[in-house]
J.: 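Right, I'll just put the structure down here and ask away after.
What you are looking at is a predicted structure, and each value in this text was computed from that prediction instead of being measured. So that the names make sense, note that chain A is the first sequence line, chain B the second, and so on, each numbered from 1.
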Amino acid sequence: MSEISKAYEPQSVEDKWYDFWLKQGCFTADPKSAKPAYSIVIPPPNVTGMLHMGHVLNNTIQDILSRKARMDGKEVLWLPGTDHAGIATQVMVEKQLKKEEKKSRHDLGREEFLKRVWVWKEKHGDIIINQLKKLGCSCDWTRERFTMDPEYSRCVQKVFVELYKKGLIYRGKRMVNWCPVSQTALSDEEVEMKPQNGFMYHFKVQVADCSGAVSAPNSAVTDRRYNESDIKLTDTWLTIATTRPETIPGDTAVAVNPKDPRYAALVGKFIVRPLPAELPLAQKLIPIVGDEHVDFEFGTGVLKVTPAHDKADFDIGTRHKLPLIEVINADGTMNTLAGGPLAGLDRFKARKVAVEILTEQGVMIEAKPYENNVGFSQRADVPIEPRLSEQWFLKYPAVPESKACVADGRMKFHPDRWAKVYDHWLTNIQDWCISRQLWWGHRIPVWERTFDCFSIGSVYTSVSDLLSISAKTQEFIGKESSDVVVSIDGKQVTTDAKKLLDLGLELNKTDAEVREIKVQVCTINPKVISALELERWTQDSDVLDTWFSSWLWPFATMGWPENTETLKKFYPTTDLVTGPDIIFFWVARMIMAGYEFMGEAESALPKKFALPDAMPFQNVYFTGIIRDKQGRKMSKTLGNSPDPLVLIAQYGADALRFGTMRSAPLGQDVLFDEKDVELGRNFCNKLWNACRFRQMQGGEVQGEIERTLLTPDDKWILLKLDAAIREVTIALNEYKFSEATAALYKFFWSEYCDWYVEASKASLPRPPAEAAPGEAPIAAVALSPEVEARKANTIAVIDFVLSHTIRLFHPFVPFITEELWNGMGYATDMPDNQGGKTIMNAPWPLPFDEDFKGHYGLDDCYVEMTDTKYELVRNGRDLRRAGNIQAAKKVKYVFKPAQHLTPHDAEVIKLLLNAESLEVNDAYQPPKGTPVVASPLGELFLPLEGLIDVAAEKIRLTKEVEKIKSEIVKVEQKLANPNFTTKVPPAVLAEHEQRLVEWRTRLAHTQASLEALG
RNA sequence: GCGCGGUUAGCUCAGUGGUAGAGCAUUACCUUCACACGGUAGGGGUCGCAGGUUCGAAACCUGCACCGCGCACCA
């Protein structure tokens, strides 16, 4: 800090120190260190992502925790990385491909397309990482991970094999949430319910009797064997309510509640389905079934059942063995089974057309505007389509352990109300659909081949034979059979099973129709894989949900499945900082994965990982969600999200960090306002200038404080510093970041700058004024030894306070504090690993112990005494108003002390009053009308010789008197109440009595001031 | 429907039973030699409503209203 600019300029400071920290390896965690470990894994941002305010909030908190831990002497690992964001990344590259080459991914083919994704990743994947660096994040970049790194991929696939082997992963045909835009299945968590304004359509259908009909349960509707002649249309019509008339062609029944007196008798009869209109009557007939699911209060009490396109209807269909008719394609268009006019139309267009057809038929009764909740694909923002398809599912592992660790408080959530949400989700947990019909992601490590049932036992005799694996590989499999899991028609078999014949026949003898069996091999063993591929086995084409890789993040990033030094040192991690919006997506799943793969929870893995408690982190801090000033969520479409990098360029990273922290209370959403960042900048500037003031006093860092020379003001600020250290430390321990910043702000601005710095000027003789141009330089005035000593001691106090303050601030505003730490010379006295090189490992300030306080005479009475002095000053300044005197104008005060006043205190009061002089006069007789304030220290007069507006001042003081009187009445009433005086704790009683005395004193003082005005 | 937050100064928010607070905004004055990204002094609140507990409630309890969120959903 050789050149001290008048205002802090972050641009010239931030990059310099970040480079320095990197070069010095300050962020690199050493697993061999003897220091206690502290670790955090970053919530990996999407590799396609750009830094937004949510990242700023989240990562600033992680950085504060990491930096604080380093100063606490911990060995810190903050492990960074990105995730591959399956859908988002694939869509982004597809868009680029379309734009630049007018091609789809199918034009390129899977392999070539994936090459393009990697090219994109190499080119743009580190954008967000570099942005995090701009923010000052002290991540160990040497350990940066990406969820598609080869080692990471192996972890994901290994985990898949393990879970497959345990029977927790299975493939099944289920109703899933289908996104017609991305054309993939989604998990339940990726579906967001949104209220939609639509219509509730009421239409009528005619009831038919069909006495001779056979409702063939398992046949497709087109195979129905009704005789047209057996069908008797009745006069009864039923009204059905639906929001989705386009699915009518997929209806295979109408359901009523069997207890509903209106309809119970109709169960067993049929209705004529109005769509597709062109079908012959016999094919339009669908049964009326009785099902308890139907709520007869709702709609008309008659429910159309579309088992292929609705989850609840699917269940009804299963109960009544209804056929399924799929009428909607994977892309959301209608297929030919939907009927001529609808076929080929988009589902929403088809809805309109269906309504038109029904209207033409004269069966449409009404369309009421209706708001209902529709599931939307979170990613593509279109309504999802429930769809029957074959997908991979996971039965969640280690659920009881995961529930217990949070419920019994071993893992703490901050704020803890999220524990309830977490528990509720785990209690109602459904199997996780983990397969995605995408190309970008971890391919499912399952190979499949279909065999003719009759060749089993004749051509193939054993499982390994079936796998057509050479003798050499067979041996390998024999050794590492845990690597290879084989299923035949979904049932796991052992690889060394010799009795394939029995196995195969047993599997198939129940159904003569089945002529083929499916054999699955789940493995990540490359030798086995190459053998399989040679034999035309095909790998499952699906990839895994991105969260199926990020749930392994806390240990897969640390070298698992090897038992690495890093894992030993840093797992389980200490804190996790994330948003509550991914509590199910990520947090809950990581906990389950931790128990499953790192702990004793029935893991098939080597016991080297069997940690007594394998939960992946001890504390989870849930941030709020950043909103704009109007409380709206920040979003790209609204354009209400400021670009953090623009803010950093404009105000500095420290300003952004401090401002964000100050306005982010624990667990509450944050309404972001650029004003907050401005506040941060102003704060940094204040810090800068306070240090600048110290620099202007000249001289080296003063390490030694001479206790005999301490003034009451010195003791006051040291005690305030002690309090600030306590407050900030406690706040950080409780994850109350806004409280910590508020405490720092108050201490530094309102106590140190506003009072101490000003008071200290009494001990710091002004440096000689600059000579005006053309004049001879003014010679420095020699100071007396006493004054020199006092000056040096004051500077020592300033250096002490600043060197502590800067450290307290470091986790919040790392750049400016590093600049000041070095620039002010506070680093020079310290050992290299204790702050000598960088403030990053300077020790975190500790509250003063009793010895320290005793040595320096830091008694709490100095706080009270000095507060009284400052209160007198505040009142004295207020006197200027009576004379309408400008703040800058120097005026003469007279002080009539009530007790001994040291010359130093008199000087301090004079300075703080910005007085031309302060005459201390025991015998002062003020002229009538002289404004005065009284305090326990004495009376302070501002002789104005008739300048004051007596009337206005009287009014003000009279109001003041009234206010004080009312306060006195309040306290008196309390004290007069025997209920109060007998029941209240003595301390509170004493406090009230004391307060009454104080108010009475104030009353006397104010009345004296009033009388003085005549 | 179930659950969870919130409601305090114009705005954003602290405040876990004992004198209602901060920042911003605002008013007046001030470029005084660390800082106008600053200083000094001020104005501004029956703490959402109604009950209850208590000597005492912004805080604890009950109910209600409104705002927001999550989960589950009825076609």
J.: Look at A:Lys420 and B:rC4 and indicate whether a side-chain polar atom (N or O) is within less than 4.0 Å of OP1 or OP2.
T.: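 Result: yes.
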J.: On the nucleotide B:rU40, are OP1 or OP2 found under 4.0 Å from the side-chain N or O atoms that A:Trp755 carries?
T.: no
J.: So which nucleotide from B:rA22, B:rA36, B:rG70 ends up closest to the side chain of A:Lys6?
T.: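 Nearest to the side chain of A:Lys6 among the choices is B:rA36.
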J.: Applying the Watson-Crick and G-U wobble criteria at under 3.5 Å, what pairs with B:rC47? Answer none if nothing qualifies.
T.: none
J.: Just checking A:Phe622 against A:Tyr735, ring centres under 6.0 Å apart?
T.: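 No, ring centres 6.0 Å or more apart.
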J.: Between A:Lys686 and B:rC35, does any side-chain N or O lie under 4.0 Å from OP1 or OP2?
T.: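 No, because none of the side-chain N or O atoms of A:Lys686 sits under 4.0 Å from OP1 or OP2 of B:rC35.
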J.: Rounded to the nearest angstrom, tell me the gap between atom CD in A:Glu758 and atom P in B:rC30.
T.: 19 Å
J.: With respect to the phosphate group of B:rA34, does any side-chain polar atom (N or O) of A:Tyr8 fall under 4.0 Å of OP1 or OP2?
T.: no
J.: Taking only N and O in the side chain of A:Asn682, is any of them less than 4.0 Å away from OP1 or OP2 of B:rC35?
T.: no
J.: With a 4.0 Å cutoff (strictly under), does any side-chain N or O of A:Arg877 reach OP1 or OP2 of B:rA41?
T.: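 Checking A:Arg877 against B:rA41: at least one side-chain N or O falls below 4.0 Å of OP1 or OP2.
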J.: Show which side-chain atoms of residues 193-201 of chain A pair as donor or acceptor with protein atoms under 3.5 Å away, not counting sequence neighbours.
T.:
from, atom 1, to, atom 2, distance (Å)
A:Lys194, NZ, A:Asp381, OD1, 2.6

J.: Write down the partner of B:rU31 under the Watson-Crick or G-U wobble criteria, each distance required to be under 3.5 Å.
T.: none
J.: Name the pairing partner of B:rG23, where a pair is Watson-Crick or G-U wobble with both distances under 3.5 Å, or state none.
T.: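 B:rC11 is the nucleotide pairing with B:rG23.
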J.: Under 3.5 Å for both donor-acceptor distances, Watson-Crick or wobble: does B:rA75 have a partner, and if so which one?
T.: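 Across all strands, not a single nucleotide pairs with B:rA75.
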J.: Send over the distance from A:Glu916 CD to B:rU32 C1', rounded to a whole Å.
T.: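 The distance from CD of A:Glu916 to C1' of B:rU32 comes to 13 Å, rounded to the nearest Å.
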J.: Looking at B:rG70, which nucleotide sits across from it as a Watson-Crick or G-U wobble partner, both distances under 3.5 angstrom, or is there none?
T.: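 With both distances under 3.5 Å, B:rG70 matches B:rC2.
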J.: For A:Asn177 and A:Asp188, does a side-chain donor sit closer than 3.5 Å to a side-chain acceptor?
T.: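 Yes, a side-chain donor-acceptor pair sits under 3.5 Å.
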J.: Among B:rA34, B:rA75, B:rC24, which nucleotide has an atom closest to any side-chain atom of A:Thr243?
T.: B:rA75
J.: Rounded off to whole Å, could you give me the CE-to-P distance for the A:Met696 and B:rA34 pair?
T.: 6 Å
J.: Are the charged groups of A:Arg694 and A:Asp799 less than 4.0 angstrom apart, N to O?
T.: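 The answer is yes: the pair qualifies as a salt bridge.
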J.: Checking base pairs now: Watson-Crick or wobble, both atom distances under 3.5 Å. What partners B:rC60?
T.: B:rG52
J.: Tell which nucleotide pairs with B:rU16, taking only Watson-Crick or G-U wobble pairs whose two distances are both under 3.5 angstrom.
T.: none
J.: Is there a side-chain hydrogen bond (donor to acceptor under 3.5 Å, both in side chains) between A:Glu189 and A:Trp425? Walk through the geometry before answering.
T.: CA-CA 11 Å; A:Glu189 287 68 35; A:Trp425 185 75; 3.2 Å; yes
